[in-house]
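Note sheet for the following structure.
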Amino acid sequence: MRIVRTAAGMLLLTIGLPVLLVGGALWTAMQHRDGGGAFSGRVERITTPGHAVVVPDLDALLRRDAPFTRARDTRLRVTARTEAGPALVGIAPAEEVARYLAGAAYAQVDRVSLTSGPLPVGVTPVEGTAVPAAQPAWRLAGAGAVAWDSAEVRGQRLALVVMHPDASAGMTVDFRVEVRPGWLAPATWGLLVAGAVLILLGMATLAWPTRRPALARPSTLADVAPAPATPPTAVLERPRPAWAAPTPMPVQPILAWPPHPSVAVTPAPLPAPTSPAVQATSQDVPLDRRPALDPADAGLAVEPAEPEPVGADLPGSADLATALGTLGSASRSTRRRKTAAGLPTDVVASPPVAPPVARRTRD
């Protein structure tokens, strides 16, 4: 859509700018009209020893040198004056004018240039000695001036003749031409308005912001399509062999942090060594009937070991004891943690077994 708007905006600007420029040029030309609303200009003075000044084909001359004068709703006026006074100006068919001036001398106008100042003309003299007789049948004629609409001469072969009223030879003519284009003012304002509108439309089309398509939002929760239900995934349990170890119980984390550095695993004390006398006596006694040995009886000094302080004096010990107390004693890791924390493991430890004593051989 944005590409289409860009192309349309560029096309409107391409058309509107030339239209506006043409309208501005016509408006500038309108400023050169006289008080009566006509474009007027003086033609160079023409002097001829003949009897007349002739334009053999008026419509062809206007088509070639001043085509805008042939437009619709355009009126032209030619004023001519000789040294003797107003001249006779008439328009008649070109064939009749040619028969009227046959054999007579006259000046033929071939071209007119549109410039500033007096309009230059191209004149071709035609030699002759005859005197014109009866005048032709004029379509339009007047003393000193003649006016016509462009539609009256368009497409017709008519000749313009300027001469003395009595057709005497030798003359100097001063021409003045007026053009009143009735189409100029409406065309100028129309082009100006059209060009401005096209340019504004083109700029608005190019500057129009691009709107992204908005996603349709549901008005109620009922309009929201429910997500498709996912079927439950069946968990396949593999048969466990008989020799596989049981699954260990999950271990709860220690809630107290950081742990106290004094909480450590205390190894069990080793049994005290026995004296040789006791060893000799115990050789004859079976192992299952031997009494428990006291280190004091064996003459060994044993210092009582102070137990590790476990209780409320250690930070976090209550929480640790509570957390470990809730665990069972089925797993080895649980018992290890309880031992490290100084808690009872609910397992009765077997009494230490004395190492075997070597028997003394009798001599």
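Since the structure is predicted, the reported quantities are computational estimates derived from the model, not experimental observations.
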query = Are Val161 and Tyr106 close enough that some pair of their side-chain heavy atoms sits under 4.5 Å apart?
reply = no
ask   = Going by heavy atoms in the side chains, are Val123 and Thr48 under 4.5 Å from each other?
value = no
query = Are the side chain of Glu96 and the backbone N or O of Ala137 linked by a donor-acceptor pair below 3.5 Å?
reply = yes
ask   = Any Lys/Arg nitrogen of Asp59 or Arg70 sitting under 4.0 Å from an Asp/Glu carboxylate oxygen of the other?
value = yes
query = Is the closest side-chain heavy-atom distance between Leu206 and Leu13 below 4.5 Å?
reply = yes
query = Do the non-hydrogen side-chain atoms of Leu61 and Asp57 ever get within less than 4.5 Å of each other?
reply = no
request  = Check whether Leu88 and Val43 end up in the same hydrophobic cluster, where Ile, Leu, Val, Met, Phe, Trp and Tyr are linked by side-chain heavy atoms less than 4.5 Å apart.
outcome  = no
query = What is the minimum heavy-atom distance between Ala71 and Trp183, and which atoms define it?
reply = CB-NE1, 3.5 Å
task = With rounding to the nearest 0.5 Å, note down the distance linking CG in Asp174 to OG1 in Thr79.
result = 11.5 Å
task = Please determine, by modelled atom types, if Thr172 and Arg45 share a side-chain donor-acceptor pair under 3.5 angstrom.
result = no
task = Compare every heavy atom of Val153 with every heavy atom of Leu158, then report the nearest pair and how far apart it is.
result = CD1-CG1, 3.8 Å
query = Which heavy-atom pair separates Val162 from Val173 by the least distance, and what is that distance?
reply = CG1-CG1, 4.0 Å
ask   = Side chains of Leu58 and Trp148: does their closest heavy-atom pair fall under 4.5 Å?
value = yes
task = Could you state whether Leu11 and Leu201 fall into the same hydrophobic cluster, counting links through intermediate Ile, Leu, Val, Met, Phe, Trp or Tyr residues with side-chain heavy atoms under 4.5 angstrom apart?
result = yes
message = Within this structure, what is the CE-OG1 distance for the pair Met171 and Thr82, rounded to the nearest 0.5 Å?
response = 6.0 Å
note = Interatomic distance, CZ@Phe39 vs OG1@Thr74, rounded to 0.5 Å, equals 10.5 Å
remark   = For Leu12 and Leu198, the nearest pair of non-hydrogen atoms, with its separation, is CB-O, 3.7 Å
ask   = When you look at CG of Leu114, are more than 12 heavy atoms from neighbouring residues, nucleotides or ligands closer to it than 6.0 Å?
value = yes
note = So CG of Asp73 and CG of Asp149: to nearest 0.5 Å the spacing works out to 8.0 Å
query = Are Ile46 and Val126 connected, step by step, through hydrophobic side chains (Ile, Leu, Val, Met, Phe, Trp, Tyr) whose heavy atoms are closer than 4.5 Å?
reply = no
inquiry  = Among Leu140, Val78, Val97, which residue satisfies the side chain to side chain contact (heavy atoms under 4.5 Å, CB included) criterion with Ile91?
reply    = Leu140
task = Please test Arg33 against Arg180 for side-chain contact (heavy atoms from CB on, under 4.5 Å), starting from the C-alpha separation and ending with a verdict.
result = CA-CA 9 Å; Arg33 295 180 299 178; Arg180 298 176 182 273; over 6 Å; no
key: Common cluster, Val179/Leu160, ILVMFWY with side-chain heavy-atom separation under 4.5 Å   = yes
ask   = Are side-chain heavy atoms of Phe175 and Val53 found at a separation under 4.5 Å?
value = yes
message = Working note: Val112 + Val55, criterion side-chain contact (heavy atoms from CB on, under 4.5 Å); need CA distance, chi angles, decisive distance, verdict.
response = CA-CA 11 Å; Val112 177; Val55 178; over 6 Å; no
request  = Please report the closest heavy-atom contact between Leu20 and Ala196, naming both atoms and the distance.
outcome  = CD1-N, 4.1 Å
query = Can you tell me how far OG1 of Thr69 sits from CG of Leu76, rounded to the nearest 0.5 angstrom?
reply = 5.0 Å
ask   = In Å and rounded to the nearest 0.5 Å, what is the CD1 to OG1 distance from Ile199 to Thr14?
value = 10.5 Å
request  = Please check if atom CZ in Arg63 has more than 12 non-hydrogen atoms from other residues, nucleotides or ligands closer than 6.0 Å.
outcome  = yes
task = Examine Leu17 and Met10 and state if one hydrophobic cluster contains both, with Ile, Leu, Val, Met, Phe, Trp and Tyr joined whenever side-chain heavy atoms are less than 4.5 Å apart.
result = yes
ask   = Has Trp27 got more than 12 heavy atoms of other residues, nucleotides or ligands less than 6.0 Å from its CH2?
value = no
message = Would you say that Arg176 contacts Ser40 through its side chain, given a criterion of any heavy-atom pair below 4.5 Å between the two side chains?
response = yes
request  = Answer yes or no: is there a side-chain heavy-atom contact under 4.5 Å between Arg139 and Glu152?
outcome  = no
note = Minimal heavy-atom distance between His51 and Ala130, with the atoms involved, is NE2-O, 3.6 Å
